[in-house]
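Whatever order the structure lists ligands and atoms in, that order sets their numbers, starting from 1.
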Amino acid sequence: MTNSAASHLLPVFARVDLGFERGEGAWLIATNGDRYLDFTSGVAVNALGHAHPHLVAALQEQATKLWHMSNLFKSPDGERLAARLCEQSFADFVFFANSGAEAMECAIKVARRYHASKGHPERYRLVTFEGAFHGRTLGTLAATGSAKYLEGFGPPLDGFDQVPHGDLDAVKKAIGPHTAAILIEPVQGEGGVRSAPHAFFRALRQLCDDKGLLLIFDEVQTGMGRTGDLFAYKRLGVTPDIMPLAKALGGGFPIGACLATAEAASGMTPGSHGSTFGGNPLAVAAANAVLDVMLKPGFFEHAQKMSLLLKQKLASVVDRHPEVLSEVRGEGLLVGLKAVVPSGDLVNALRDQKLLTVGAGDNVVRFLPPLIVTEAEIEESVQRLDRACAALSGDKTKRAAS
Ligand SMILES: *Cc1c(COP(=O)(O)O)cnc(C)c1O
(Lines give C-alpha, C1' and ligand atoms only; values in the text may rest on other atoms or scores of the structure.)
Protein backbone atom coordinates (compact mmCIF):
# COMPACT_ATOMS: atom_id res chain seq x y z
CA MET A 1 0.00 0.00 0.00
CA THR A 2 1.28 3.43 -0.90
CA ASN A 3 -1.15 5.58 1.05
CA SER A 4 -0.07 5.72 4.69
CA ALA A 5 -3.71 6.36 5.70
CA ALA A 6 -4.90 3.23 3.89
CA SER A 7 -6.98 0.88 6.01
CA HIS A 8 -5.85 -2.56 7.07
CA LEU A 9 -9.43 -3.67 7.68
CA LEU A 10 -10.53 -6.34 5.22
CA PRO A 11 -12.43 -4.30 2.63
CA VAL A 12 -15.75 -6.17 2.90
CA PHE A 13 -17.75 -3.15 4.05
CA ALA A 14 -18.43 -0.05 1.94
CA ARG A 15 -17.82 2.27 4.89
CA VAL A 16 -18.94 5.88 5.00
CA ASP A 17 -16.13 8.38 5.67
CA LEU A 18 -17.47 9.31 9.08
CA GLY A 19 -16.18 8.21 12.48
CA PHE A 20 -17.79 8.43 15.90
CA GLU A 21 -16.28 8.56 19.34
CA ARG A 22 -19.23 8.83 21.69
CA GLY A 23 -22.93 8.18 21.99
CA GLU A 24 -25.69 9.53 24.24
CA GLY A 25 -29.13 7.95 23.97
CA ALA A 26 -30.35 8.41 20.39
CA TRP A 27 -27.35 10.60 19.46
CA LEU A 28 -23.88 9.87 18.09
CA ILE A 29 -21.08 12.40 18.36
CA ALA A 30 -18.59 12.40 15.48
CA THR A 31 -14.84 12.79 15.88
CA ASN A 32 -15.22 16.42 14.70
CA GLY A 33 -17.90 17.10 17.35
CA ASP A 34 -20.93 17.02 15.02
CA ARG A 35 -24.06 15.45 16.55
CA TYR A 36 -26.03 12.91 14.52
CA LEU A 37 -29.48 11.55 15.31
CA ASP A 38 -28.86 7.79 15.23
CA PHE A 39 -31.78 5.90 13.68
CA THR A 40 -29.53 2.96 12.80
CA SER A 41 -29.08 1.86 16.44
CA GLY A 42 -26.11 -0.17 15.21
CA VAL A 43 -28.56 -2.05 12.91
CA ALA A 44 -31.22 -2.74 15.54
CA VAL A 45 -28.68 -3.49 18.30
CA ASN A 46 -28.60 -0.44 20.62
CA ALA A 47 -32.26 -0.78 21.62
CA LEU A 48 -31.67 1.26 24.80
CA GLY A 49 -29.63 3.90 22.97
CA HIS A 50 -25.98 4.66 23.61
CA ALA A 51 -24.39 4.70 27.07
CA HIS A 52 -27.56 3.76 28.94
CA PRO A 53 -26.65 4.30 32.64
CA HIS A 54 -28.03 0.94 33.81
CA LEU A 55 -26.10 -0.98 31.13
CA VAL A 56 -22.92 0.98 31.77
CA ALA A 57 -23.14 0.27 35.51
CA ALA A 58 -23.86 -3.45 34.98
CA LEU A 59 -20.90 -3.91 32.67
CA GLN A 60 -18.55 -1.87 34.85
CA GLU A 61 -19.49 -3.94 37.88
CA GLN A 62 -19.10 -7.23 36.02
CA ALA A 63 -15.72 -6.12 34.63
CA THR A 64 -14.32 -5.98 38.16
CA LYS A 65 -15.63 -9.46 39.05
CA LEU A 66 -15.27 -12.01 36.24
CA TRP A 67 -14.80 -11.75 32.48
CA HIS A 68 -14.70 -15.35 31.38
CA MET A 69 -14.54 -18.84 32.86
CA SER A 70 -15.68 -21.13 29.97
CA ASN A 71 -18.61 -23.53 29.77
CA LEU A 72 -16.74 -26.13 31.83
CA PHE A 73 -18.37 -24.68 34.93
CA LYS A 74 -21.76 -23.47 36.10
CA SER A 75 -22.80 -19.91 35.38
CA PRO A 76 -25.29 -18.55 37.93
CA ASP A 77 -25.89 -15.36 35.93
CA GLY A 78 -26.26 -17.35 32.71
CA GLU A 79 -28.81 -19.60 34.47
CA ARG A 80 -30.70 -16.50 35.55
CA LEU A 81 -30.70 -14.99 32.05
CA ALA A 82 -31.88 -18.27 30.51
CA ALA A 83 -34.64 -18.61 33.14
CA ARG A 84 -35.81 -15.04 32.48
CA LEU A 85 -35.88 -15.57 28.69
CA CYS A 86 -37.87 -18.79 29.16
CA GLU A 87 -40.25 -17.14 31.61
CA GLN A 88 -40.92 -14.39 29.05
CA SER A 89 -41.36 -16.80 26.12
CA PHE A 90 -42.57 -20.23 24.99
CA ALA A 91 -39.13 -21.76 25.49
CA ASP A 92 -37.76 -24.31 27.97
CA PHE A 93 -34.08 -24.15 26.98
CA VAL A 94 -31.60 -21.52 25.85
CA PHE A 95 -28.21 -21.93 24.18
CA PHE A 96 -25.99 -18.85 24.32
CA ALA A 97 -23.89 -17.86 21.31
CA ASN A 98 -22.10 -14.68 20.28
CA SER A 99 -23.95 -13.48 17.20
CA GLY A 100 -27.10 -13.84 15.16
CA ALA A 101 -25.55 -16.21 12.65
CA GLU A 102 -24.35 -18.49 15.46
CA ALA A 103 -27.77 -18.46 17.12
CA MET A 104 -29.19 -19.41 13.70
CA GLU A 105 -26.63 -22.21 13.24
CA CYS A 106 -27.79 -23.61 16.56
CA ALA A 107 -31.43 -23.41 15.42
CA ILE A 108 -30.63 -25.37 12.25
CA LYS A 109 -28.71 -27.99 14.21
CA VAL A 110 -31.45 -28.35 16.84
CA ALA A 111 -34.06 -28.90 14.10
CA ARG A 112 -31.96 -31.49 12.24
CA ARG A 113 -30.99 -33.31 15.40
CA TYR A 114 -34.61 -33.46 16.59
CA HIS A 115 -35.60 -35.64 13.65
CA ALA A 116 -32.36 -37.66 13.72
CA SER A 117 -32.92 -38.49 17.39
CA LYS A 118 -36.43 -39.71 16.50
CA GLY A 119 -34.93 -42.10 13.95
CA HIS A 120 -35.32 -39.85 10.90
CA PRO A 121 -31.88 -38.50 9.98
CA GLU A 122 -33.16 -38.09 6.39
CA ARG A 123 -35.37 -35.24 7.60
CA TYR A 124 -32.80 -32.47 7.55
CA ARG A 125 -34.15 -29.91 5.04
CA LEU A 126 -35.58 -26.50 5.92
CA VAL A 127 -38.14 -24.56 3.89
CA THR A 128 -36.96 -20.92 3.65
CA PHE A 129 -38.23 -17.76 1.95
CA GLU A 130 -37.07 -15.43 -0.80
CA GLY A 131 -35.80 -12.11 0.55
CA ALA A 132 -34.73 -13.73 3.83
CA PHE A 133 -31.57 -12.92 5.73
CA HIS A 134 -30.16 -15.36 8.28
CA GLY A 135 -26.45 -14.52 8.45
CA ARG A 136 -23.06 -14.87 6.78
CA THR A 137 -21.65 -18.19 7.97
CA LEU A 138 -21.65 -20.93 5.33
CA GLY A 139 -24.74 -22.56 6.85
CA THR A 140 -26.79 -19.41 7.35
CA LEU A 141 -25.76 -18.11 3.92
CA ALA A 142 -27.25 -21.24 2.38
CA ALA A 143 -30.42 -20.55 4.39
CA THR A 144 -30.38 -16.94 3.18
CA GLY A 145 -30.08 -18.28 -0.36
CA SER A 146 -29.10 -14.99 -1.96
CA ALA A 147 -26.98 -15.57 -5.09
CA LYS A 148 -25.08 -12.33 -4.56
CA TYR A 149 -23.83 -13.42 -1.12
CA LEU A 150 -23.11 -17.04 -2.13
CA GLU A 151 -21.08 -16.33 -5.26
CA GLY A 152 -17.48 -17.50 -5.17
CA PHE A 153 -17.72 -19.44 -1.92
CA GLY A 154 -18.07 -22.92 -3.34
CA PRO A 155 -21.11 -25.18 -3.22
CA PRO A 156 -23.62 -23.91 -0.64
CA LEU A 157 -24.55 -26.19 2.26
CA ASP A 158 -27.27 -28.58 1.13
CA GLY A 159 -30.62 -28.65 2.90
CA PHE A 160 -32.62 -25.51 2.11
CA ASP A 161 -35.65 -25.22 -0.14
CA GLN A 162 -36.50 -21.61 -0.83
CA VAL A 163 -39.99 -20.51 -1.86
CA PRO A 164 -41.58 -17.10 -2.60
CA HIS A 165 -42.36 -15.09 0.56
CA GLY A 166 -45.96 -15.44 1.71
CA ASP A 167 -46.80 -18.21 -0.81
CA LEU A 168 -48.54 -20.98 1.13
CA ASP A 169 -49.03 -23.26 -1.89
CA ALA A 170 -45.33 -23.08 -2.64
CA VAL A 171 -44.58 -24.02 1.00
CA LYS A 172 -46.88 -27.05 0.75
CA LYS A 173 -45.22 -28.17 -2.48
CA ALA A 174 -41.75 -27.76 -0.98
CA ILE A 175 -42.53 -30.00 2.00
CA GLY A 176 -41.50 -33.63 1.48
CA PRO A 177 -40.19 -36.68 3.36
CA HIS A 178 -36.86 -34.88 3.89
CA THR A 179 -38.31 -31.73 5.47
CA ALA A 180 -37.38 -30.99 9.09
CA ALA A 181 -38.63 -27.44 9.65
CA ILE A 182 -39.87 -24.15 8.25
CA LEU A 183 -37.66 -21.12 8.86
CA ILE A 184 -39.00 -17.55 8.61
CA GLU A 185 -38.48 -14.03 9.98
CA PRO A 186 -41.68 -12.56 11.50
CA VAL A 187 -40.75 -9.41 9.57
CA GLN A 188 -37.95 -9.55 6.99
CA GLY A 189 -35.46 -6.91 8.14
CA GLU A 190 -32.57 -6.90 5.69
CA GLY A 191 -34.97 -7.97 2.92
CA GLY A 192 -36.79 -4.63 3.10
CA VAL A 193 -39.08 -4.62 6.18
CA ARG A 194 -41.43 -7.07 4.48
CA SER A 195 -44.20 -8.72 6.47
CA ALA A 196 -46.82 -11.33 5.62
CA PRO A 197 -50.42 -11.57 6.89
CA HIS A 198 -50.90 -13.10 10.34
CA ALA A 199 -53.01 -15.78 8.63
CA PHE A 200 -49.92 -16.89 6.70
CA PHE A 201 -47.98 -17.51 9.93
CA ARG A 202 -50.98 -19.32 11.44
CA ALA A 203 -51.10 -21.53 8.35
CA LEU A 204 -47.37 -22.31 8.71
CA ARG A 205 -47.95 -23.33 12.34
CA GLN A 206 -50.82 -25.59 11.27
CA LEU A 207 -48.71 -27.17 8.51
CA CYS A 208 -45.90 -27.85 10.98
CA ASP A 209 -48.32 -29.44 13.45
CA ASP A 210 -49.95 -31.57 10.77
CA LYS A 211 -46.68 -32.82 9.31
CA GLY A 212 -44.54 -33.09 12.44
CA LEU A 213 -42.22 -30.23 11.42
CA LEU A 214 -40.60 -27.62 13.62
CA LEU A 215 -41.33 -23.93 13.16
CA ILE A 216 -38.32 -21.62 13.50
CA PHE A 217 -38.81 -17.86 13.83
CA ASP A 218 -35.57 -15.98 13.20
CA GLU A 219 -36.09 -13.13 15.68
CA VAL A 220 -32.49 -11.96 15.56
CA GLN A 221 -33.72 -8.55 14.34
CA THR A 222 -37.40 -8.51 15.36
CA GLY A 223 -36.81 -9.79 18.91
CA MET A 224 -35.99 -7.83 22.08
CA GLY A 225 -38.63 -5.16 21.63
CA ARG A 226 -37.94 -4.03 18.07
CA THR A 227 -41.48 -4.70 16.87
CA GLY A 228 -43.21 -3.33 19.98
CA ASP A 229 -43.25 -6.38 22.24
CA LEU A 230 -40.39 -8.41 23.69
CA PHE A 231 -40.77 -10.89 20.80
CA ALA A 232 -42.58 -10.41 17.48
CA TYR A 233 -44.25 -13.83 17.74
CA LYS A 234 -46.37 -12.52 20.61
CA ARG A 235 -47.86 -9.87 18.35
CA LEU A 236 -48.40 -12.43 15.59
CA GLY A 237 -50.21 -14.75 17.99
CA VAL A 238 -48.24 -17.69 16.55
CA THR A 239 -45.70 -19.56 18.66
CA PRO A 240 -42.57 -21.12 17.12
CA ASP A 241 -40.66 -24.15 18.43
CA ILE A 242 -37.23 -22.58 18.01
CA MET A 243 -36.24 -18.91 18.09
CA PRO A 244 -32.78 -17.45 17.51
CA LEU A 245 -32.13 -14.02 19.06
CA ALA A 246 -29.15 -11.70 18.97
CA LYS A 247 -28.93 -8.07 17.85
CA ALA A 248 -30.53 -6.13 20.75
CA LEU A 249 -30.14 -8.92 23.32
CA GLY A 250 -26.97 -7.41 24.81
CA GLY A 251 -27.86 -3.78 24.05
CA GLY A 252 -24.58 -3.46 22.12
CA PHE A 253 -22.56 -6.22 23.76
CA PRO A 254 -22.23 -9.22 21.40
CA ILE A 255 -24.47 -12.08 22.49
CA GLY A 256 -26.82 -14.43 20.66
CA ALA A 257 -29.24 -17.02 21.98
CA CYS A 258 -31.20 -19.92 20.56
CA LEU A 259 -34.43 -20.61 22.43
CA ALA A 260 -36.33 -23.87 22.04
CA THR A 261 -39.08 -25.96 23.60
CA ALA A 262 -38.04 -29.11 25.49
CA GLU A 263 -39.55 -31.21 22.68
CA ALA A 264 -37.71 -29.38 19.88
CA ALA A 265 -34.44 -29.54 21.85
CA SER A 266 -34.86 -33.22 22.71
CA GLY A 267 -32.04 -34.31 20.38
CA MET A 268 -29.45 -32.07 21.99
CA THR A 269 -27.25 -33.94 24.45
CA PRO A 270 -23.89 -33.19 26.15
CA GLY A 271 -21.29 -32.71 23.43
CA SER A 272 -23.78 -32.12 20.60
CA HIS A 273 -23.06 -28.38 20.41
CA GLY A 274 -20.77 -25.83 21.99
CA SER A 275 -19.11 -22.42 22.01
CA THR A 276 -16.04 -21.10 23.82
CA PHE A 277 -17.40 -17.63 24.44
CA GLY A 278 -21.15 -18.41 24.43
CA GLY A 279 -22.76 -17.15 27.64
CA ASN A 280 -19.64 -15.23 28.61
CA PRO A 281 -20.22 -13.40 31.96
CA LEU A 282 -19.77 -9.93 30.45
CA ALA A 283 -22.32 -10.68 27.70
CA VAL A 284 -24.73 -12.24 30.20
CA ALA A 285 -24.44 -9.22 32.52
CA ALA A 286 -25.26 -6.92 29.61
CA ALA A 287 -28.28 -8.99 28.55
CA ASN A 288 -29.61 -9.26 32.11
CA ALA A 289 -29.33 -5.46 32.36
CA VAL A 290 -31.22 -5.05 29.05
CA LEU A 291 -34.03 -7.23 30.43
CA ASP A 292 -34.10 -5.21 33.69
CA VAL A 293 -34.94 -2.12 31.65
CA MET A 294 -37.27 -3.70 29.08
CA LEU A 295 -39.36 -5.55 31.68
CA LYS A 296 -40.16 -2.37 33.63
CA PRO A 297 -43.87 -1.54 33.32
CA GLY A 298 -44.60 0.81 30.42
CA PHE A 299 -41.44 0.12 28.41
CA PHE A 300 -43.16 -1.48 25.41
CA GLU A 301 -46.12 0.90 25.63
CA HIS A 302 -43.65 3.72 25.09
CA ALA A 303 -42.08 1.96 22.09
CA GLN A 304 -45.53 1.33 20.61
CA LYS A 305 -46.53 4.96 21.11
CA MET A 306 -43.36 6.17 19.43
CA SER A 307 -43.97 3.71 16.58
CA LEU A 308 -47.43 5.11 15.92
CA LEU A 309 -46.17 8.67 16.04
CA LEU A 310 -43.24 7.94 13.73
CA LYS A 311 -45.35 6.04 11.20
CA GLN A 312 -48.05 8.77 11.13
CA LYS A 313 -45.50 11.52 10.62
CA LEU A 314 -43.60 9.53 7.99
CA ALA A 315 -46.87 8.94 6.10
CA SER A 316 -47.40 12.68 5.88
CA VAL A 317 -43.88 13.14 4.46
CA VAL A 318 -44.65 10.43 1.88
CA ASP A 319 -47.77 12.44 0.92
CA ARG A 320 -45.74 15.63 0.57
CA HIS A 321 -42.92 14.00 -1.44
CA PRO A 322 -44.34 11.32 -3.75
CA GLU A 323 -41.41 12.01 -6.11
CA VAL A 324 -39.02 10.64 -3.42
CA LEU A 325 -41.05 8.22 -1.24
CA SER A 326 -43.87 5.79 -1.89
CA GLU A 327 -44.73 3.85 1.28
CA VAL A 328 -44.26 3.43 5.06
CA ARG A 329 -44.11 -0.16 6.31
CA GLY A 330 -43.08 -2.15 9.36
CA GLU A 331 -43.96 -3.03 12.93
CA GLY A 332 -43.02 -1.23 16.11
CA LEU A 333 -39.76 0.62 15.60
CA LEU A 334 -38.68 -1.60 12.70
CA VAL A 335 -39.91 0.94 10.16
CA GLY A 336 -39.20 0.98 6.43
CA LEU A 337 -39.61 3.79 3.92
CA LYS A 338 -39.90 2.55 0.37
CA ALA A 339 -38.12 5.03 -1.85
CA VAL A 340 -38.83 6.12 -5.40
CA VAL A 341 -35.29 7.50 -5.78
CA PRO A 342 -32.45 4.98 -5.24
CA SER A 343 -32.56 4.15 -1.50
CA GLY A 344 -28.80 4.78 -1.21
CA ASP A 345 -29.34 8.39 -2.39
CA LEU A 346 -31.93 8.85 0.34
CA VAL A 347 -29.62 7.41 3.03
CA ASN A 348 -26.91 9.85 1.86
CA ALA A 349 -29.30 12.84 1.78
CA LEU A 350 -30.48 11.98 5.29
CA ARG A 351 -26.88 11.75 6.49
CA ASP A 352 -26.29 15.24 5.05
CA GLN A 353 -29.09 16.31 7.42
CA LYS A 354 -27.32 14.44 10.25
CA LEU A 355 -29.90 11.70 10.47
CA LEU A 356 -28.44 8.17 10.27
CA THR A 357 -30.55 5.39 8.71
CA VAL A 358 -29.92 1.95 7.17
CA GLY A 359 -30.65 0.71 3.67
CA ALA A 360 -32.43 -2.61 3.10
CA GLY A 361 -33.58 -4.73 0.16
CA ASP A 362 -36.53 -3.76 -2.04
CA ASN A 363 -35.26 -0.12 -2.27
CA VAL A 364 -36.23 0.51 1.35
CA VAL A 365 -34.57 2.73 3.96
CA ARG A 366 -34.90 1.50 7.55
CA PHE A 367 -35.63 3.86 10.45
CA LEU A 368 -34.43 1.96 13.55
CA PRO A 369 -34.50 4.44 16.44
CA PRO A 370 -33.63 3.18 19.91
CA LEU A 371 -36.76 2.08 21.76
CA ILE A 372 -36.16 4.87 24.30
CA VAL A 373 -36.47 7.53 21.58
CA THR A 374 -38.46 10.62 22.63
CA GLU A 375 -41.31 12.43 20.89
CA ALA A 376 -39.04 15.41 20.31
CA GLU A 377 -36.44 13.17 18.62
CA ILE A 378 -39.11 11.62 16.37
CA GLU A 379 -40.26 15.13 15.43
CA GLU A 380 -36.64 16.12 14.73
CA SER A 381 -36.09 13.07 12.51
CA VAL A 382 -39.18 13.86 10.45
CA GLN A 383 -38.07 17.46 9.90
CA ARG A 384 -34.69 16.18 8.75
CA LEU A 385 -36.39 13.73 6.40
CA ASP A 386 -38.51 16.56 5.00
CA ARG A 387 -35.39 18.60 4.29
CA ALA A 388 -33.62 15.61 2.70
CA CYS A 389 -36.63 14.99 0.43
CA ALA A 390 -36.71 18.66 -0.57
CA ALA A 391 -33.00 18.49 -1.41
CA LEU A 392 -33.50 15.31 -3.46
CA SER A 393 -36.47 16.66 -5.40
CA GLY A 394 -34.53 19.91 -6.00
CA ASP A 395 -31.74 17.79 -7.54
CA LYS A 396 -34.30 15.98 -9.66
CA THR A 397 -35.83 19.23 -10.96
CA LYS A 398 -32.34 20.54 -11.74
CA ARG A 399 -31.47 17.35 -13.66
CA ALA A 400 -34.75 17.51 -15.60
CA ALA A 401 -34.11 21.18 -16.51
CA SER A 402 -30.55 20.62 -17.76
C1 LIG B 1 -28.60 -9.63 11.51
C2 LIG B 1 -29.37 -10.85 11.30
C3 LIG B 1 -28.75 -12.13 11.35
C4 LIG B 1 -27.26 -12.30 11.50
O5 LIG B 1 -26.78 -11.76 12.68
P6 LIG B 1 -25.19 -11.54 12.88
O7 LIG B 1 -25.07 -11.12 14.31
O8 LIG B 1 -24.77 -10.48 11.91
O9 LIG B 1 -24.51 -12.82 12.60
C10 LIG B 1 -29.55 -13.25 11.23
N11 LIG B 1 -30.88 -13.13 11.06
C12 LIG B 1 -31.50 -11.94 10.99
C13 LIG B 1 -32.98 -11.88 10.82
C14 LIG B 1 -30.77 -10.76 11.10
O15 LIG B 1 -31.38 -9.58 11.00
May I ask you to check whether His68 and Phe277 place their ring centers less than 6.0 Å from one another?
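Yes, the ring centres sit under 6.0 Å apart.
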Atom pairs and distances, donor-acceptor, side-chain atoms in residues 239-260, under 3.5 Å, two or more places apart:
| from | atom 1 | to | atom 2 | distance (Å) |
| --- | --- | --- | --- | --- |
| Asp241 | OD1 | Arg205 | NH1 | 3.4 |
| Asp241 | OD2 | Arg205 | NH1 | 3.2 |
| Asp241 | OD2 | Arg205 | NH2 | 3.0 |
| Asp241 | OD2 | Leu215 | N | 2.7 |

Salt bridge (charged side-chain N to carboxylate O under 4.0 Å, His left out) contacts in which one or both residues fall within residues 20-40, not counting sequence neighbours:
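Qualifying pairs: Arg22-Glu24, Glu24-Arg35, Asp34-Lys354.
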I'd like the residue list for ligand 1, meaning every protein residue with a non-hydrogen atom under 4.0 Å from the ligand.
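Protein residues near ligand 1 are Ser99, Gly100, Ala101, Phe133, His134, Gly135, Glu185, Asp218, Val220, Gln221, Lys247.
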Does a donor on one side chain sit under 3.5 Å from an acceptor on the other, for Thr374 and Glu377?
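A pair is found: one side chain offers a donor N or O, the other an acceptor, under 3.5 Å apart.
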Would you say that Val193 contacts Gln188 through its side chain, given a criterion of any heavy-atom pair below 4.5 Å between the two side chains?
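Heavy-atom side-chain distance check fails, nothing below 4.5 Å.
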With sequence neighbours excluded, residues passing salt bridge (charged side-chain N to carboxylate O under 4.0 Å, His left out) with Asp386
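For Asp386 the salt bridge (charged side-chain N to carboxylate O under 4.0 Å, His left out) partners, ignoring immediate neighbours, are Arg320.
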